[in-house]
Amino acid sequence: MENFTDFFKKVEEKWQRIWEEKGVYQPEVDESKPKFFMTVPYPYVSGLLHLGSAYTYTRGDFIARYKRLRGYNVLWPQGWHLTGSPIVSRSYRLKMGDKKIIEDLISDGIPESDFKKLENPEGWAIYFMNLNREAFKKFGYSIDWRRELYTTYLNPWYDKFVKWQYRKLKEKNLITKGSHPVILDSKLKIVIGDHDRPDEYAGISYQEGIIIKFPLENKLGDIEGIFLPCFTLRSETIYGVTNIWINPSGKYVLAKVNSEYWILPNTIILEELRAQKFNVEIIREVSAEELIGKNAINPITKDKIPILPAKFVDIEIGTGIVMSVPSDAPYDYIALLDLTKDQEYSKIAEDCLRKMKPLFRLEGYSEFPARDIVEKLEIKSQEDRDKLEKATKEIYNKEFYNGIAREIYGKYAGKKVFEFKEEFEKEIIEEKIAVRYYTLPIRFVSRYNNKVIVGIVEDQWFLKYSDIEWKKLAHECVDGMFIYPENLKKVFHEYIEWYKDWACTHQKELGSTLPWDEKWTLESLSDSTLYTAFYTIYNLIKKIDPEKIGDDLFDYVFLGKGNKEELIRKYGEIIEEMRREFLYWYPVDIRTSGKDLIGNHFIFYIFHHTAIFPKELWPKGIIINGWVLTDGKKMSKSLGNYVSMKDAYEKYSVDALRFLIAYSGNSGLDDANLELSKVENAERYLMEWYSFCINNYNKGRVSEKLPVDLWFERVLYEKIKVIEMEYERLNMRNVINSIYDIDNSYKWYIKRCGEPHRDVINKYIIVKSIVLYPIVPHIVSEILERIGLDPLNPSWPYVEEVKDFENLDKREEYIRKIRDDISKILEIIRIEKPKKIKIIVARKEKYRNLKENYFIRNQEEELNILKDAATTISKEFYCDVDIDIEEKSSEEKSKKALPGKPAIIVI
RNA sequence: GCGGGGGUGCCCGAGAGGUCAAAGGGGUCGGGCUCAAGACCCGAUGGGCUCAGGCCCACCAGGGGUUCGAAUCCCCUCCCCCGCACCA
């Protein structure tokens, strides 16, 4: 069993060592050379990176190395993202002995003896940063590691940088303050993140809805003007309310809420209302019986509607009082149906069902979609929770996007729900019929054993992405950028338009605090927008005591503001150097990553650059790639095809992996298919190329070049042009396909000439090796060294243009056609080994009236070409080949010969 | 619903008005090499006809159109994937 892996691994180690020792990827400012600044968004290091990341970063390496070959002074720095909650959450959960986390760690091959280190966020972050850095190095990335940075207060320089950035944004009035809902522990009043709750509730977010206040028809006791507040996500269905639901076994109270009287359940909901700035004072208890059977008034339609009992009403959710829309809400429909079987309420329930109103026109449904779906899914009762959830979701979704309001909606009639809902809600809130409210879809307890509620924080900070002037700049930036694939420009513009203000601060997460309001931490998308600039000076700024760094340093280095002499006195000459580095490297020439970042990170990146920097420093290019499938399947732990970068480089040769990564796809939104099952083929392919090079370099015939020599040189020339274009766009699959084309042409070349020309074979070796270099730099470095070329400073091959003045392409095409015809004939007449092949060229007169552009002009020319081809054909078919002319031939078939289409006779 | 990406032969995937039955893989079948397997090499792989390099029909989600000519352009329909946010 052949196995080249060990050989490759040795070569890889060797070159990685040399690169590191010689610092070949640590570029210095050099005004005499054009610069190229390439970045890939840093990964979030909550664990080991997998082959999906490898795909993105390896593509980064392809372009970095390609640009180096093209003579650019290339900088590729890399960092790590630690900001946000997942690291905090995971380390916390590990500390608590969470099984899932332990399982994950074990499946990643993390030894249990290391777990202790991971039990705090800092330890976790450092640990995985180290492992992932190691993987990046093993993959051979040409990163300038002097500039390796990571985020959050754990890195005081980064922290200073982010704070500077946010002060700038605030100065420019791009930060605003507002209120924002958050999930809180009801007793401790602290924000409850995923790690503060049981696993099964991770990821549950609040819902935004409204409370509609239904006045009670009569007094309760001697109090008048009491409201039944109904929380709903579907305010627009208020026109179809037939009744109100309360839980028959629930405990309710009469409370004074602000200046009104409300009926509310005596539950955690009171606390939640208070957390949302309602002033709630309990007056007295009210039993469900006191309410059931009474009537309320629909505040919009003024209909009189009964209050009825329903078991499905959860007195801890919403307001514990529910408006019932049987026409469009499956729960309500089935509950009324249930109630028709009840002695006491059957009449009222039937009446309610009769009063159902058609609200929306919805294709595929009758005027009462709730009834339709209850029947379709065969929902039997309100206990049928799963089906009801599904039904509700379906109807809600369909009605929201496709439901057309009927006449009853007045000015909204004819519109779709999503078109008018926002305005409608605004209106009923202004009319004081309703109020905005947030709640949870399920009530659960925090790890501190208290129920969790939604509260409003009043001092939440926002990035003002709604700012029209800011949007304008962002659009302008996109317009001026190279975005590949090009059609994504439109998508970028749309996202810029669509963004509203972004809540940029969280609590209890890893990150940098907001400099003027230190209880807030900048959330993870918001602290990672401008750091590409920070890379340019990071290797230098680290020499300065972070304690001493003030905004004046950044103002000077990035914006050229401040008194230079004074600043030099304060920080030293180094700030001059920093300014120079920044101005040399900036702007970013290419930033490349996956399509998942388009709508978030890349938009932020653009916005913030336009806010802080002058136009000439705005980002210049973005290249987007798709997801990665491994062997045609989505990579996931449950499918068992999950491969971490660490697994991969330990098991396979990295050059083979890099080759497969290149071959897996082009830029764009399509998913790439990384065929790990082909890793051996890739190794073999590369190994064969390696042996070919060292065995053939400087070998071969030395003589006048034949037409076929020129033809192959021409192929090389043409292909290298194509490959250049594909590299610029990171269409790596196309690059490899072009290399395969070269290989196929070489095969034909050898068939045609037997022994290759020395110049030609050398050219082939150099061209293909260099073109492969960005993809498989280790083995190519080895090749270059073995054949006596500089492996540390390779440059893009210069191939002289070979013009097609000899009709080289058509000549070869002609010969190939003759060859194909012969094999077709052999097949049809079922001869395997011909004794002789006669090729008879058309008689002279037939050439007289040829089309202008035909490449063969006369009989002599065709004869020459055929004589040249005779050896090739004879070798291929193992027989003699006679070339003759029609004039002299005695063969009957010779008469059929035409110019460019000689008669072929096989004996 | 909006926005984006798609639907090509057994499968994956290129092609973006003629040179297109449609590149390249893979699979399958047949053959070669081999003690044998793998690897490698050659051939076949829509249907029908034709024992001399050939011809005819069908065909690129479905339907219609533009054109001398459409997988490619236009219109309609159907289907699939992704996003629609406060999260890395």
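Chain letters run A, B, ... following the sequence lines, proteins first and then strands; every chain starts at 1.
- Distances were taken from every side-chain heavy atom of A:His506 (C-beta onward) to each of B:rG1, B:rG53, B:rA88; the shortest belongs to B:rA88.
- Among the nucleotides B:rG1, B:rC86, B:rG53, the one closest to any side-chain atom of A:Trp502 is B:rC86.
- In this structure, the nucleotide among B:rG3, B:rC86, B:rA88 sitting nearest to the side chain of A:His180 is B:rC86.
- Minimum heavy-atom separation, A:Ser85 to A:Glu509: CB-OE2, 3.6 Å.
- With distances taken from any side-chain atom of A:Lys490 to the nucleotides B:rG5, B:rC84, B:rG3, the minimum falls on B:rG3.
- Residue ring and nucleobase are not stacked for A:Tyr44 and B:rA88 under a centre distance beneath 5.5 angstrom and an angle between planes beneath 30°.
- The pair A:Glu399-A:Lys416 does not meet the salt-bridge criterion, since no charged nitrogen lies less than 4.0 angstrom from a carboxylate oxygen.
- Taking for each of A:Asp821 and A:Glu675 the nucleotide of RNA chain B with the nearest heavy atom, the 5'-most of the two is the partner of A:Glu675.
- Remark: B:rC33 base-pairs with no nucleotide; criterion is Watson-Crick or G-U wobble with both hydrogen-bond distances under 3.5 Å.
- Closest to the side chain of A:Leu525, from the set B:rG1, B:rG53, B:rA88, is B:rA88.
- At B:rC87, none of the side-chain N or O atoms of A:Ser524 fall inside 4.0 Å of OP1 or OP2 (strictly under the cut-off).
- Minimum atom distance to the side chain of A:Lys500 is reached by B:rA85, of the listed B:rA85, B:rG3, B:rG4.
- Heavy atoms only, all atoms of each residue included: A:Lys464 and A:Thr176 are closest at CD-CG2, 3.2 Å.
- A 4.5 Å side-chain heavy-atom check between A:Ile183 and A:Tyr438 finds every atom pair outside the cut-off.
- Comparing B:rA88, B:rA52, B:rC84 against the side chain of A:Trp498 picks out B:rC84 as the nearest.
- Comparing B:rG1, B:rA88, B:rC12 by their nearest atom to the side chain of A:Asn673 picks out B:rC12.
- Within the 4.5 Å cutoff, side-chain heavy atoms of A:Tyr814 are placed close to those of A:Leu866.
- The base of B:rG26 lies outside donor-acceptor range of the side chain of A:Lys678, with no N or O pair under 3.5 Å.
- When distances run from any side-chain atom of A:Tyr499 to the nucleotides B:rA88, B:rC87, B:rG53, the shortest one goes to B:rC87.
- When the C1' atom is compared between B:rG63 and B:rG24, the two are found 32 Å apart, to the nearest whole Å.
- Ranked by how close their nearest RNA chain B nucleotide is to the 5' end, A:Leu488 and A:Asn600 are led by A:Leu488.
- On a pure distance criterion of 3.5 Å, no polar donor-acceptor pair joins the side chain of A:Asn681 and the base of B:rA39.
- Across all strands shown, B:rA52 remains unpaired; no Watson-Crick or G-U wobble contact has both distances below 3.5 Å.
- Across all strands shown, B:rA44 forms a Watson-Crick or G-U wobble pair, both distances under 3.5 Å, with B:rU28.
- Residue A:Ser85 is classed as a sugar-phosphate contact, given heavy-atom separations below 4.0 Å to backbone atoms only.
- Nearest nucleotide to the A:Arg684 side chain, out of B:rC40, B:rG1, B:rG4: B:rC40.
- Here, B:rC49 and B:rC41 have their P atoms 34 Å apart, quoted to the whole Å.
- Pairing partner, B:rC78: B:rG7, with both Watson-Crick or wobble hydrogen-bond distances short of 3.5 Å.
- Across the strands present, B:rC68 finds its partner in B:rG18; the criterion is a Watson-Crick or G-U wobble pair with both atom distances under 3.5 angstrom.
- Heavy-atom neighbours of A:Lys846 NZ from other residues, nucleotides or ligands within 6.0 Å: above the threshold of 12.
- As judged by a 4.0 angstrom heavy-atom cut-off over every strand, A:Ile598 is placed among residues making no nucleic acid contact.
- Taking atom C1' in both B:rU28 and B:rU34, the straight-line distance is 22 Å, to the nearest Å.
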